[in-house]
Structure formats: C-alpha cells, structure tokens
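Here is the structure we will look at, set down as structure tokens.
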Amino acid sequence: MTSQKHLFELEDGTHYLNAAYMSPLLKSVYDAGIAGMRRKLNPSQIQADDFFSGAEDVKKRFAQLINAPSKQIAIIPSASYGLKAAVNNIPTASGSHAIVVGNDFPSDHYTMREWCRKNKKELKVIEPINVPDRAAAWSEKIVNAITNETSAVMLSTIHWADGTKFNLKEIGSRCKEMGAYFIADGTQSVGALPLDVEDLKIDALVCAAYKWLMGPYSIGLAYYSEVFNDGAPLEDSWMTRSNAHDFSGLTRYVDDYIPGAGRYNMGEFSNFIHMPMLSQGLQQLEQWGVSSIQGYCDNLIKPLLNCLRDLGYWYENDEYRASHLFGFLLPPNVDKKTFLQELQINKVFVSVRGDIIRISPHVYNDDEDIEALMAVLKRNGR
C-alpha cells in the first residue's frame, strides 16, 4: 500500500500523527454526511424501510471485520453506552470480583468500578510489571488473576495510551475456563489491527466509530455474543421490538425483540446522517484491508523506532506493540514542556497520556510526517 493522503483533506504543512485521538474524515465520508443532511431537506423521500436498511448494511460490514454474525451487532452512541449494556447483564450471583488493567481508558474503568460498587464486588486492578518483557509479564499477570471467583474481565484490546498488545487469546480462554465474562473495548484497534471475536472468545466488544473505523463522532458499534441474547437493554425503544418494521401496527405492543443483539440498539439508530458516513468509512476499510493498514504503519514507523532507540526513548518491544498506536517515554535529559512546545511549533500532532507520548499514524501519513517528528526528537535528544 502507498500513502492514501489524496483521499483526505489535511492541511498542508501539518503532520497529523494522532488518529487515536480522532481520525480525519475521508472525503467520501464527508460527502456521505452532506448527502444525508440534504436528504432531510425533503423527508418525504425517506421510506419506512430506510429506518432499518442502512443500519443492517453497517452491521454486516462490521460483523465481517470482527468475524461475528451480523445479528449479534448493535448500533450504540458511544463505547461507554455499549460497556454499560454489557455489565448490566453480568449475573450478580457469580464471583466475588472483577478485573481491569492499570491506567485503562476511564470509561472502561468507571463502568466496571460502578458495577462492582453496586453489586458489592471487589475491583482488582492489574498493573504492569517493570521488567524487560513488560507486556508478556503483564498479560501473564492478568491471566493468573482470573479464577472461578472472577465475574468479569474488562480491558481495551490494546492499551489505549501506549499500544501494548495484551495476549487476548490466553485471556479469553482463561475467562471461558473460569466462567468469567470477557468484555473488551476495541475502540483503539478495530479497523487498524485484525481481531476475531470467535477466536479470542470475547463475550462483548464495543467500538466508538470516530477513530479507526473512520466514522463520525457520537456513534459506534458493539458485538454481544449469544450469552446476552436474553438480557435487558438500556432503553425501551420501539425500534428494537420484533414488530418495528410494521409502522401500521406499532401500538400492537409486543414483548419480544429483534433477534440476537438487536435489543441493545440505541434509540433512533437509523441516524440518516451518521449511518451513511459510517457505512462509507467501513467500505473504505474493506478496500484497504485491515492487515494492509497495519503493514503500512509498520513500514512507516521503522525509521522512527530506530531513532527513538538510538536517542534513549523507551517504547514497548515489537512483539507486544501495535504499529498504528504506540507510546514512548522521554529520557531524563529531555524537558517535556520544551519538547511539546517544539512539536506544536512544527505542527506535529500527537497525544500525551500521562507520561506517555502517544503516536498514532494512519495511511494518510507519509515519510515527511515521520521525518518532522524525528527532527524534533533529535533536537531534544542526547
């Protein structure tokens, strides 16, 4: 794959290495949003079936991305919404504790913490170990913490701050063996890193769309396995009921829902502006291929990783680090404030998460962007 910058409209002279913060809209996604707004100018053209067809298209595309049945996909407004729907359906009688990882994304931590408070469970936070094989030891520590007293494990599929790749296969297998629910936040990996929910034995996976799924803000997608098919949704929307397609019979109230995970769809999931945008973003991902995106980023950052190593900046070992999102630590001799100011002056856009400087390239980046960052590193390094 070559640079896909021509499909975007990034400002000349900027070096946007910050997709984990928010991806820029593709021109095609922007056009789909404009078309959606124009459609609302004349709503007589919106037919009853349109309330469902766009969402079904998006569900099928997302399902293919993560190897799941499309009926097990739900449309959600945010990752936190999807996580809450999942934990609300964890059996409260099972287990004495739940597990999260240290410094995980706040929505993940808060959701599991509040469930533990409400149900009088212990929240176990598994912190990393500062050893040479940090990521491997961290995953091993998580696996060893899962027992038959574990109600659930919740974590991001890669660490949101530094891109650490957890051993999801071992974690999922251990959860299945111990009868614990495995709930994952894929917001920072799905769309840029291959993921298979069946292989990893994930019970629920949520993804905000505005990062690696190339979609707009305030919409997302979630996978709920069959263990959730009889659960209680957060809303009582008419659109999630089994007779929703029959507009003439909506007041013939029913108890049953759309099959699969349909009950977890947010209200007004049709969203005639966001849904076409998300569909277009997913179509572009299909054309690129997720493995190709990861491969492109891997090749792109090789000179950067060599530069970081030579200058004494820490980053995770290749085996346990994603290429589309990773973090590094500044050496003691580098002044953080000065370093960040110089990045800003040179229009190099990254994120700071705690002590971590987070880099998240995509296919719109090229060697020029990497060289701009390396120039700042070299001026501030040893």
Side-chain angles (χ1 to χ4, degrees), residues 66 72 74 76 78-129 135-162 164-190 195 197 200-208 220 222-234 261 263-264 354:
I66 62 170
Q72 299 302 139
I76 57 175
S78 64
S80 58
Y81 181 104
L83 293 171
K84 192 71 170 182
V87 300
N88 277 5
N89 288 286
I90 298 171
T92 58
S94 65
S96 61
H97 66 263
I99 291 172
V100 295
V101 299
N103 297 316
D104 205 352
F105 189 71
S107 291
D108 300 22
H109 183 96
Y110 289 141
T111 300
M112 203 73 259
R113 187 180 75 177
E114 291 309 307
W115 183 85
C116 286
R117 283 180 176 176
K118 180 180 178 181
N119 295 287
K120 296 180 172 55
K121 310 283 187 182
E122 179 188 1
L123 181 67
K124 292 189 175 182
V125 182
I126 310 301
E127 302 287 356
I129 305 172
W138 198 358
S139 285
E140 184 179 358
K141 192 176 178 184
I142 295 167
V143 170
N144 291 338
I146 303 168
T147 70
N148 57 11
E149 284 297 316
T150 304
S151 301
V153 175
M154 180 182 288
L155 49 70
S156 295
T157 47
I158 64 171
H159 199 277
W160 73 295
D162 61 24
T164 297
K165 292 165 67 175
F166 297 108
N167 192 331
L168 300 178
K169 193 172 180 66
E170 283 194 15
I171 293 169
S173 294
R174 181 68 171 174
C175 283
K176 189 65 64 178
E177 179 186 354
M178 293 292 113
Y181 280 64
F182 185 19
I183 302 170
D185 183 347
T187 298
Q188 293 290 22
S189 71
V190 177
L195 184 143
V197 293
L200 300 177
K201 297 178 174 59
I202 293 174
D203 293 304
L205 173 77
V206 306
C207 297
Y223 158 77
Y224 297 101
S225 71
E226 293 182 357
V227 300
F228 290 98
N229 280 1
D230 295 320
L234 294 181
R263 66 186 62 205
Y264 300 109

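Remember, it's a predicted structure, so these values are computed and weren't measured experimentally.
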Euclidean distance, [Y] [atom2] relative to [X] [atom1], rounded to 0.5 Å:
| X | Y | atom1 | atom2 | answer |
| --- | --- | --- | --- | --- |
| T150 | K124 | OG1 | NZ | 6.5 Å |
| M154 | M112 | CE | CE | 5.0 Å |
| N167 | S139 | CG | OG | 5.0 Å |
| N229 | Q72 | CG | CD | 4.5 Å |
| C207 | I76 | SG | CD1 | 7.5 Å |

Mark yes or no for whether R113, through its side chain, and L123, through its backbone, hold a donor-acceptor pair below 3.5 Å.
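Not at all, since once roles are kept as given, no pair shorter than 3.5 Å links the two residues.
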
Pairs flagged by salt bridge (Lys or Arg N to Asp or Glu O under 4.0 Å) wherever residues 167-176 is involved - sequence neighbours left out:
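The answer is K169-D199, R174-E177, K176-D203.
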
Suppose the criterion is salt bridge (Lys or Arg N to Asp or Glu O under 4.0 Å): which pairs have a residue in residues 79-108, not counting sequence neighbours?
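Residue pairs with at least one partner in residues 79-108: there are none.
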
Would you name the heavy atoms of [X] and [Y] that are closest together and state the gap between them?
| X | Y | value |
| --- | --- | --- |
| F228 | A204 | CE1-CB, 3.9 Å |
| A208 | A79 | N-CB, 4.4 Å |
| L155 | F182 | CD1-CE1, 4.0 Å |
| A145 | I99 | O-CD1, 3.5 Å |
| G172 | K201 | O-CB, 3.9 Å |
| W115 | I90 | CZ2-CG2, 3.6 Å |

K118 atom NZ, neighbour heavy-atom count above 12 within 6.0 Å
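For K118, atom NZ is not crowded (no more than 12 foreign heavy atoms under 6.0 Å).
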
Should [X] and [Y] count as side-chain neighbours, where that means a heavy-atom distance under 4.5 Å?
| X | Y | answer |
| --- | --- | --- |
| Q188 | F105 | no |
| C175 | I146 | yes |
| V125 | E127 | yes |
| L200 | L205 | no |
| W138 | I142 | yes |
| D185 | W160 | no |
| L195 | T157 | yes |
| E122 | S96 | no |

Hey, can you tell me if Y224 and Y264 have their rings parallel, tilted or perpendicular (30° and 60° cut-offs)?
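Rings of Y224 and Y264: tilted, 30 to 60°.
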
